[in-house]
Each structure stands twice: as C-alpha cells, then as structure tokens.
Engineer: 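Can you read through this structure? Questions will come right after.
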Amino acid sequence: MQLNAPLDMHLHLRDEEMLHAIAKGSAHTFSAAIIMPNLVPPVSTKEAVTAYKQRILSAIGDENFTPYMTLFFKPSYDKAFLESVRDDITAIKLYPAGITTNSEGGVSGFDVEELRPALSAMAELNIPLCVHGETNGFVMDREAEFVSIYEKLATAFPKLKIIMEHITTKESVAALDKYENLYATITVHHLLITLDDVAGGMLQPHLFCKPIAKRPEDRDALLKVALSAHPKVMFGSDSAPHPKHAKEACGCAAGVFTAPIALQLLAELFETHNALDNLQAFISGNAENIYDITAAQKTVTLEKVPFMVPADYNGVVPMYANQKIAYTVTEVK
Ligand SMILES: [Zn+2]
C-alpha cells in the first residue's frame, strides 16, 4: 500500500544532541510535521522560532521535510507581534502551567478576558491554537475536566481554530461534534494501548506518557473517529523522545517514542479494522483541510512484511522495541 504526503501534526524534535539523534527518523517518512515549542527556554520569539527552524533543517540534512513551526503561547502576545511572526509559524501551542515536559511557563487559570487580546488576534490572523488539555486534577480525570475549558474557549472565540491535542477520552471525542471550531489530534499509541498496558502488569516505562492512556471505552471512542477518518481528527504522533536512562529510571520521564514506526503501526491497525481506505485522510487529507496547507509530495510504500523494531534508535527506545510488527516501509520517494 502507498501513503501520500504523511503529516505528523504533533511532534517533539527536541534540540541539540537529541534533535540530531531523532529528527531524520521523522523527516524520512513524513512530508511535514507540526513542531512543538517546549524547549528550555520555550520558543516564544521570532528570533527563537527562526533559529530553531534552521537547527531542524540542518539536522535533517537532505530529507524532503517541512517543519511547521509553533510558538509557545503567552497571554502577552499582541496583534503587532503576531503579525510579525505570522509567516514564520503554522500554529501556537498552549500549555497549562506545569502539566508536562518543560511547560512551567504555561497558562494558569483560563480567564477569557485575560486571554482575549491574544486569542482574538490569532483568530483574525487565522493562526490555530493547539492546546495540551489537562487540568492539575487526578491524573485519570485531567483531560475530561479540561473539556469545560475547551468549551469556554470555543464559545468565547468562535472564529479561532482550536486543536485539542493528543485526545485520550470519550469526553473529548464528544466535544468534537458540539463545537464547530474544535478539532483534535490522536496519537497511534492511544489507539493501541490502555492504562492496563502501562501499569496492569509489570510497569512499562516506554508506554508512560501524558496524557496517560485511559480506559478501554475511551480507546474505543478514539478508534471510532480515527478509523472512520472523522473530518475533524488528524494524526499527531506526540512522539516524545527521552534518552533511555531518563525512561528506565526511578522517576520515569513522560513520553512514548513512535515516530519511526508510526506509519507501519497505523497501517496494521487500520487493516485489522478493515479501514485502510480511510488511512490517507487520517494521516494527511484531514490535516490539509483543517490547517489549510498543502504538504510536499512524498510517497511512502508499505508492505505487509514483518519488521523487527530495533532495541533503540540512537539511544532512544521506541514503542514495541525488540518486537515484530506487521508492516515495513519499503520505499520512500
Ligand atoms: Zn506533546
């Protein structure tokens, strides 16, 4: 089977040594990706975003890949600033303060009036807002609790495109159809695992991520909209590399590394559910429509030939390391 112009609408490429270790893994099989801005310090100026883009381009070498850059949302962004960066970015990412890796400078409290200047300007300039939607509540309830904040933002800023990132719950899925301006990304790991796979037996650090994998009925809700390529959902891997020692540690960092095997896993999943015809829309077409972008041409051929997932990619342990998966990428043009 072939996929055209695969897009990863939520990707962590990190920086420095890690960027060089993993960036080509995404750049080889994907046409483009939305690049998360949660570096230290976060990417929040025009200079920072253009410099980070250059570092990514030099790390990927001659791969044909577009990094769609993002800024780390700050309520202080004004219209003049946003106009000045409009051509350098594809979206802006909002993190609630302290909720995930390097999100300390994020938003705490979601006062509509405090957010109005920045979010109104974004709506006017047609800059989508990507949101890590979790409260500081009990870990299994954080995303469902955040849905009321999504609803508040969607109502207050009806012209703003709001992307609910890496959704994991049936509550978020339900919100998609209630508000015209709410969209979502879904990871491959949240389509495959539940909390049982993470902590039901021996603890699996390489499956530990935020938002944590949820209940079977949540995964079923995600599968329903992903496998049918619901027009408001798109693939975003949230592939989040950490060095092996940071995962296999007392105090395991959150993040699942899937980028080099994401297309293979999706092909297997969609085939298992007789939904291969919808994979192209989930992996590319929906994102092009939602973001109003045209991805660079790239054709990825996958064959149903078992692939042994390596123990690590330059020191980063992927999901399903040392296990066989059903599909292999056999050609990229
Ligand atoms: Zn992420």
Side-chain angles (χ1 to χ4, degrees), residues 7-15 18-19 21-23 25-26 30 32-44 49 52 56 67-73 89-107 128-136 139 142-143 146 149-150 162-169 172 183-193 198 205-214 222 226 233-243 246-247 252-262 265-266 287 290-291 316-319:
L7 298 174
D8 183 347
M9 302 308 282
H10 183 128
L11 176 65
H12 296 272
L13 285 182
R14 312 299 194 203
D15 210 348
M18 182 59 87
L19 170 65
I22 54 98
S26 286
F30 287 89
I34 294 267
I35 311 299
M36 290 297 124
N38 56 331
L39 305 182
V40 183
V43 179
S44 59
V49 81
Y52 186 32
I56 293 168
Y68 291 134
M69 304 307 293
T70 63
L71 283 173
F72 187 103
F73 179 83
I89 60 170
T90 301
I92 294 180
K93 176 72 186 281
L94 185 155
Y95 292 91
I99 205 70
T100 191
T101 309
N102 303 333
S103 65
E104 290 73 19
V107 172
L129 178 74
C130 302
V131 182
H132 181 120
E134 289 194 289
T135 67
N136 289 304
V139 68
R142 287 175 188 176
E143 183 178 303
F146 198 90
I149 298 176
Y150 279 131
I162 301 170
I163 322 284
M164 303 186 287
E165 295 283 18
H166 44 56
I167 60 171
T168 62
T169 60
S172 297
Y183 304 85
T185 57
I186 301 180
T187 75
V188 66
H189 52 283
H190 289 116
L191 292 171
L192 291 168
I193 65 170
V198 185
H206 299 292
L207 299 180
F208 172 67
C209 64
K210 299 287 178 64
I212 193 114
K214 302 292 188 314
L222 299 176
V233 304
M234 51 199 154
F235 176 65
S237 70
D238 197 14
S239 180
H242 292 280
K247 293 292 285 176
C252 165
V256 182
F257 182 57
T258 54
I261 53 164
L265 293 178
L266 286 169
I290 293 166
Y291 273 88
V316 181
V317 179
M319 188 179 187

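For ligands, and for the atoms within them, numbers begin at 1 and follow the listed sequence.
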Engineer: Identify the two heavy atoms, one from D8 and one from D238, that lie closest to each other, and give their separation to 0.1 Å.
Structural biologist: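 The pair with the smallest heavy-atom distance is OD1-N, 4.4 Å.
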Engineer: Has H12 got an N, O or S atom lying less than 2.8 Å from the Zn ion (ligand 1)?
Structural biologist: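 Yes.
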Engineer: With the Zn ion (ligand 1) as the reference point, give the N/O/S atom of D238 that is nearest.
Structural biologist: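 Restricting D238 to its N, O and S atoms, the minimum distance to the Zn ion (ligand 1) goes to OD1.
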Engineer: With a 3.5 Å distance limit and no angle check, can you tell me whether K93 reaches the backbone of H132 through a side-chain donor-acceptor pair?
Structural biologist: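 Checking the backbone N and O of H132 against the side chain of K93, no donor-acceptor pair under 3.5 Å is found.
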Engineer: With a cut-off of 2.8 Å, does any N, O or S atom of H10 fall short of it relative to the Zn ion (ligand 1)?
Structural biologist: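 A backbone or side-chain N, O or S atom of H10 is under 2.8 Å from the Zn ion (ligand 1).
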Engineer: Distance-only, no hydrogens or angles: does the K247 side chain make a donor-acceptor pair with backbone N or O of P205 under 3.5 Å?
Structural biologist: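 Present.
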Engineer: Please check this pair: side chain of H190 against backbone of P211, looking for a donor-acceptor N/O pair closer than 3.5 Å.
Structural biologist: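 Looks like yes, one N/O pair under 3.5 Å.
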